[in-house]
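Report on the following structure.
Numbering of residues begins at 1 and proceeds along the displayed sequence.
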Amino acid sequence: MISSNTPNQEPGLFGLRHSNRDFTQEEAWGKNCFNSSFPASICSYLHSKNFDNIYIKLSSSLQVEHSSISTAMFYGIDPNSDNLFYAFETQFTPDRQYVIGTLPGVDLVTQARDLGSCLQAIEIKLTALPDHTTCNLTEDFYGCEIVIRPDTIVYLACSIVNTLKLNLSSMKFIIDERFTEISDWSDPTYVIPHIPETIDSIDSISLSMLEYQQPFLMQPIWKTEGKSPKLIDSCLDVFVWSNLAFARLFVDLTKTEIRKFGCIRRISRHTRTVIWLFKMLYDFSLSGSFNHGKIIDNLSYNTKNDKAFAVSGRFTHAYMKSESLRQPRIKKQEIQRIILGGGQNLLSPERRFDAIIYNSPDLFD
């Protein structure tokens, strides 16, 4: 176990002894790498302090509830084990059986070194607290924005069908004659009338597999003083979303829209994500696999596919509200125990002009 900075120690991250990234090299500290490797290290560090991660799960009332999950349970292996390998931006090969075409990479795959086997596929979202929609609210109402890429929905579908294949009775919630009326899934006029039914199907599937929901997405939070770049003293913690709880984000947004307007008037990003997920599950129920690339490309509904959907901190607050959201458990002084061997000197943050202006008040003296 890497415990703390020591003289002549090479750059590294707490607990990440074996991985497909070389943390002695600058390229391993770029933004795209750091945003997944640092969170993995935080989880390992929490374990060393005998802290569990906050686990957001789905209840029988289709509401989220909080419990806890150890990093060992989350990773599928004790994070202290020398047998743990961190494979970043890698395919979770057990899911290849469900997809037609190339399976995308997932942010992190934990693997057993001795067997080379995949243990857990983990999506990672390192998020700021508060976001721009909650920074002017009181601290009790701070929230984090979450932006989700399309590949995440592919892995969400795979995580669900992995359970569906073991519980074939749940298929009845997908195979419905009403969906055969959709002759062209790319045409909103055919799809929109059936969106309430797709939501009902997703809800029924979720209820049928509550006891089999599994950890899916890691969301570390870093908390600042309002919208300033200054970390507060208690600044880091980790939330873990189950696959079923995560799906609530876009399903509940679509339900809210239906309640507000009485119908779906146009296909927004979150509603499109409902359609993507359902179509992947629907195709799996018919043929045992789904073509995720074709679904995402053809069912775009004139909206770019650069992201699946995004939710603001005002929306996520209700799902994440907790003592750890108000006061994260890791203090900023502890970051020096997570980033090791001078690794911070290899970081290369974006040079954003708005940040430079904000941090140069003397320009306006």
A quick test of your reading: do over 12 heavy atoms of other residues, nucleotides or ligands sit less than 6.0 Å from [atom1] of [X]?
X      : atom1 : answer
Asn302 : CG    : no
Glu26  : CD    : no
Arg265 : CZ    : no
Lys165 : NZ    : yes
Tyr212 : OH    : no
Lys321 : NZ    : no
Glu10  : CD    : no

Problem set entry | is_close_aromatic(Tyr98, Tyr155), centroid dist under 6.0 Å |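 Not under 6.0 Å, so no.
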
Mind checking whether [X] and [Y] sit in one hydrophobic cluster, side chains of I, L, V, M, F, W, Y counted as touching below 4.5 Å?
X      : Y      : value
Val311 : Val147 : no
Val161 : Ile100 : no
Phe141 : Met320 : no
Ile335 : Ile232 : no
Leu277 : Leu286 : yes

Problem set entry | Worked check of side chain to side chain donor-acceptor pair (under 3.5 Å) between Asp82 and His18 | CA-CA 8 Å; Asp82 195 55; His18 308 292; 2.7 Å; yes

So how far is it from [X] [atom1] to [Y] [atom2], rounded to the nearest 0.5 Å?
X      : Y      : atom1 : atom2 : result
Ile267 : His270 : CD1   : NE2   : 11.0 Å
Lys125 : Ser36  : NZ    : OG    : 10.5 Å
Glu225 : Glu139 : CD    : CD    : 9.5 Å

For this session: Show the numbers, then the answer: is there a side-chain contact (heavy atoms from CB on, under 4.5 Å) between Asn243 and Met209?
Result: CA-CA 11 Å; Asn243 53 351; Met209 54 182 286; 4.3 Å; yes

For this session: Would you check, one step at a time, whether the test side-chain contact (heavy atoms from CB on, under 4.5 Å) holds for Thr198 with Ile275?
Result: CA-CA 7 Å; Thr198 65; Ile275 298 168; 5.6 Å; no

Exercise. Among side-chain atoms of Asp140 and Thr138, is any donor-acceptor pair under 3.5 angstrom?
Worked result: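 There is no such pair between these side chains.
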
For this session: Would you tell me whether Asp131 and Thr133 have side-chain atoms, one donor and one acceptor, within less than 3.5 Å of each other?
Result: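 Distance-only check passes for Asp131 and Thr133.
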
So, for [X] and [Y], which heavy atoms are closest and what is the spacing to 0.1 Å?
X      : Y      : result
His194 : Ile182 : CD2-CG1, 3.6 Å
Ala28  : Cys33  : O-CB, 3.4 Å
Cys43  : Val238 : SG-CG1, 3.8 Å
Leu207 : Ser59  : CD2-O, 4.4 Å
Leu16  : Ala40  : CD1-C, 4.1 Å
Leu210 : Leu244 : CA-CD1, 4.1 Å

Problem set entry | Qualifying residue, where the test is ring-ring contact (aromatic ring centres under 6.0 Å, His included) with Phe14 and the options are Tyr45, Phe23, Tyr86 |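 Exactly one candidate clears the test, Tyr45.
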
Is there a side-chain contact between [X] and [Y], using heavy atoms and a 4.5 Å cut-off?
X      : Y      : answer
Ser206 : Arg248 : yes
Asp233 : Gln333 : yes
Ile69  : Asp52  : no
Leu325 : Phe239 : yes
Ser41  : Phe34  : no
Val106 : Glu123 : yes
Met218 : Tyr75  : yes
Leu249 : Ile148 : no

For [X] and [Y], indicate whether the former's side chain and the latter's backbone hold a donor-acceptor pair under 3.5 Å.
X      : Y      : answer
Thr71  : Ser44  : no
Arg269 : Lys304 : yes
Asp22  : Thr24  : yes
Asp354 : Ile357 : no
Thr134 : Leu137 : no
Asp107 : Ile124 : yes
Trp241 : Gln219 : no
Asn305 : Ile296 : yes
Gln213 : Leu58  : yes
Ser186 : Asn298 : no

Problem set entry | Intermediate values then yes/no, side-chain contact (heavy atoms from CB on, under 4.5 Å), Ser268 and Phe250 | CA-CA 10 Å; Ser268 60; Phe250 54 90; over 6 Å; no

Exercise. Using 4.0 Å as the upper bound for N to carboxylate O, is an ion pair formed by Glu334 and Arg329?
Worked result: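 Here Arg329 does not pair with Glu334 in a salt bridge, since their nearest N and O are not under 4.0 Å apart.
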
Exercise. Does the pair Asp283/Lys294 count as a salt bridge with the N-to-O cut at 4.0 Å?
Worked result: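 Answer for the salt bridge query: no.
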
Exercise. Between Glu257 and Lys260, does a salt bridge (Lys or Arg N to Asp or Glu O under 4.0 Å) hold up when you go through it step by step?
Worked result: CA-CA 5 Å; Glu257 186 176 341; Lys260 182 177 180 180; over 6 Å; no

For this session: Check step by step if salt bridge (Lys or Arg N to Asp or Glu O under 4.0 Å) holds for Asp252 and Arg259.
Result: CA-CA 10 Å; Asp252 288 353; Arg259 285 194 297 267; over 6 Å; no

Exercise. Does NZ or CZ of Arg272 come closer than 6.0 Å to the centre of the six-membered ring of Tyr301, within 45° of the ring's axis?
Worked result: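 The answer is no; the distance or angle limit is not met.
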
For this session: Check the pair Ser201, Phe179 against side-chain contact (heavy atoms from CB on, under 4.5 Å), reporting the backbone distance first and the verdict last.
Result: CA-CA 11 Å; Ser201 293; Phe179 298 121; 3.7 Å; yes

Problem set entry | CA sep, side-chain torsions, deciding dist, call: Asn83, Ser81, side chain to side chain donor-acceptor pair (under 3.5 Å) | CA-CA 5 Å; Asn83 196 33; Ser81 173; 5.0 Å; no

Exercise. Per the side chain to side chain donor-acceptor pair (under 3.5 Å) rule, which among Lys223, Lys332, Lys331, Arg326 passes with Ser234?
Worked result: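 Considering Lys223, Lys332, Lys331, Arg326, a side chain to side chain donor-acceptor pair (under 3.5 Å) with Ser234 is found only for Lys331.
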
